Amino acid sequence: MNEKMGLTKQYLRYVPSGNVNIIVSSRCNVVFVTLQGQEGRFVAVGACEHVIIWDLRLGEKVQVLTGEKTIVTRLTASPNKQHIAVGYADGTIKIFDLRSGENVSIFVGHRSEITSLSYDTLGHRLASGSKDTDIIIWDVIAETGICRLAGHKDIITKIVFMSEHNIIISSSKDTLVKFWDLDTEHNFRTLVGHRSEVWSLTLAKNDEYLITGCNDYELHVWRICFIDAQKTEYDINLSTLNIDEDETTNMQKYPLRCGKVGSILRNSKGRIVSLEVDPSQTIVGCHGVDNTIELFHFLQESKVKEKVTRRLKKERKKANGNKNEVNTNSFNIPTLKDEIKRLPSIKVSNKVKGLDMIMGKGGELRVCVGIDNNSLDLYSLLIEEKNAEAKCLRSITVHGHRTNVRVVCFSSDNLAFATASGDSIKLWNRPSLACLRTVECGYALTATFVPGDRHLIVGLKDGKMLIVDIASGDILEEVPAHTKELWSVTLFPDLKGIASGGSDQTVKFWNFELIHDPDSKIKAKVLSVLHTRTLKLEECVLCVRISPNNRFVAVSLLDSTVKIFFLDTFKFFISLYGHKLPVLCMDISSDSTLIATGSTDRNIKIWGLDFGDCHKSIFAHDDSVTGLSFVPGTHYIFTCGKDGKVKQWDADIYQKIVTLQGHTGEAWNCAISPNGVYVVSCGSDKVVRLYEKTAEPLVLEDEAEEERERAENELITGETSAVQGQKQQLLPSRKTVNSEKAAELILECLEVSKAYDEELSKIKNSNVVPALPLLMQAYNSKTSEEFFLETIKRVRASDLEETLLLLPYSAACEILEMLPRLLKSNFHTELLTRLTICLIQAHHGPIMSNQNLLLTLETIKPLIFDRISTLRDTVGYNLHCMLYVQRNLEQQEGVQLFKDATQKKGQRNRIRKNKQKALKRAIMAL
């Protein structure tokens, strides 16, 4: 309820209190994650603005990584299995710790949706691609951007790191695949052989093969080799590679060669959506716009040699039979057919939207699939078996509807709410948000609880009315109520019956009754409805409502009018004209004085029920108004629309109170609990959102001011304006609200420090020490230098560069003059070094023309080199001490540490292979 404090009307705020129904978002991929030391059991999926980690064995949520308002569009897990990077639709990237579920770092650099994320082999760097066509490399350890790579002219579709070289490969909808050297931040090679958009790519078989997918029915396979390592790493005849002439330039500087060696024909039609590879880079999985997943196995060298040997034997037998000589050299070179084995395809129930794979024990491949119908499947395939078939091990389906939720309604005790979709009805426990019952049915358009909360009345698209027993989950009766769509069902105020309206131009009135069930052996009675009266109209009925005083029935018609009749006699009372398009939803206030209507014309109108006069017409939503409800006992209204927003209005003063966090896409319906504390809404993003009223007051003027600030913040695009003398840079980060606030904090710090230093200089000769400013006391600082350091430490690492660019030249000069004193304190050397470099790069021109600053820089330079050298020596000393301890442990225990042992074994294997290849070349030469 509202209260009056002075002249300002206050309201209580509604806040989000939970989401249900969504299992996996169709706009995000799925990734396996490691929890509790177990692989292949847990999978992370995007669920609108959150990330849900599902336990596939138990079929339950293990963890929810909460987001804010923007939806998740991309996920990738770190190589060390401890973190997960999450990309959002607003260009933000967050990294979460899987063990604690906490957000450990935030990167803001892109201006639009994140489309690709990839970690390097060690997990120290993260590459991100976006719809803004840029690629940004982030330093995960230092929490800052390294560089921005601009070159593509359309949306980035996929980015991958090469494991043993400092190179990334990117694909885009501009039909190009680019190779980037991260040492020089330069695009040194571009593949131009694709005729349509490159939707995805992946590396396979230790980065030897690059597979790309386009709009056609085939996967393009490219072989990657390095010219300077040809004699020691690869035995490749470069003449067999399809390399363009313009790609032979800069061979000495960029020795990487990439040529097309063939194609893999897909069985499914349509374009490629995603190409994924398992961690061992031996299994490649792809899916298109249909429900088929195709798998390809890159065989080991030993099996490839066996296949080549068998093929040679066959050719020799043919040659002996024909008495012709066979050239064995032409058949000795492995082909794609020798190296790639097609595995059985996986058919799922609906369109595939996400795919991830992991190799288990005994050659078992586990494939997790996110499906468009809001379900998650886990498949198992034994790749070594002949005639093996993929088996569905687990399927998570009970936690949500398969189709869009169109109907929501609350129980009378406020403890449960029901949702209905095109395939089923689900009952949810409001406190725990658990699904209690699921009842399969047809396409539902409306629903309401029967008094007593033991039954549901559901109206279907085919005109039938279902009576559902909640306790047993059974449909007690199917009543053929209407011949066409049943759009609306509403309870009588005396709770003794219902009224239903449909497209057959009738409103029918039904009374509840208890009848004996002839099919049951128990003598208990079951609920049924008895048809009593029918109101015939000239147009299709879209919505029906009965006034709480039991006097009027309001009917919304397809001709954009709302007709009101007396309930007892059906005598026409009044018609509400004004909407330009049909009214989809309406409600009558608890005191029966107001009726509010929401229309396809995007307006809500508030009418007086006594004379039918329009009190106010409000442009409420940017698209059709789909749901409208009065809060019981008040004149407050909640509405939702196809613009995805959920809004609260005051029907007495005709003003919007607040806009709640809505849906991505359309919002279909909203409902309010009988006590007015809870609001539930559903939308096309498959999320059912629950809101709860709190004790926090809300003032309209403050809320309007916050909305204006948010609108201004959304205008920030990240393009930093050029300051006179400031060098224009292509920074990885972009200007944000946080960077602006940080710049203001630094300026305030400099101002406070300057005033305090002036006071100190005035009373230098006296023993009286001036009181510390309140801000310095809050930061627990005793000197201006400590105060400045504490302020800089509070700036997020990823925002530091943009923050320093926003500072004026005068502030940069003050900071540079303060740096010698800070460096002498031998405190936070890395941070101060980075601060110095950023300031000099940003204001290089004016600094070079200022003689006083040049002298300051000459003082700073030896100090920085000395501090960094000391720091490097300390790190080196610690590293070698740890290596010494490791060697001592190995000698005492008589074992080698696993990582070193595997590295040495891999090195021995490479030397042995190189010797074998050299011997083979010598034999072939002879």
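These numbers come from the heavy atoms of this one structure, side chains and all, not from hydrogens, waters or symmetry mates. Keep in mind it's a predicted model, so treat the numbers as computed, not measured.
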**Message:** D643 vs R602, test: salt bridge (Lys or Arg N to Asp or Glu O under 4.0 Å). Steps then yes/no.
**Reply:** CA-CA 10 Å; D643 59 356; R602 301 178 288 179; over 6 Å; no
**Request:** Applying ring-ring contact (aromatic ring centres under 6.0 Å, His included), run through Y11 and Y636 and close with a yes or a no.
**Result:** CA-CA 10 Å; Y11 307 86; Y636 301 150; 5.4 Å; yes
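Ring pair W54/H399 is tilted by interplanar angle, where 30° to 60° counts as tilted.
How far CZ of F96 is from CG of N103: 4.5 Å, rounded to the nearest 0.5 Å. Between N215 atom CG and H194 atom NE2 the span is 11.0 Å, to the nearest 0.5 Å.
Taking the six-membered ring wherever Trp is involved, the centroid distance between the rings of F638 and Y14 falls below 6.0 Å.
In E68, the CD atom is not crowded: 12 or fewer heavy atoms of neighbouring residues, nucleotides or ligands sit closer than 6.0 Å.
A salt bridge does not link E703 to K656: none of the charged side-chain nitrogens sits closer than 4.0 Å to a carboxylate oxygen. With respect to R271 and E197, no salt bridge is recorded, no charged nitrogen being found less than 4.0 Å from a carboxylate O. A salt bridge between R57 and D55 is absent, with no side-chain N of the basic residue lying under 4.0 Å from a carboxylate O of the acidic one. Ion pairing of R402 with E440 is absent here, as no side-chain N (NZ or NE/NH1/NH2) approaches a carboxylate O to less than 4.0 Å.
A cation-pi arrangement is not found for R366 relative to F32, the charged atom failing to lie both closer than 6.0 Å to the ring centre and inside a 45° cone about the ring normal.
Of the N and O atoms on the side chains of T157 and S171, at least one donor lies less than 3.5 Å from an acceptor on the other residue.
Two residues are said to be in side-chain contact when any heavy atoms from C-beta on lie closer than 4.5 Å; N374 and N21 meet this criterion.
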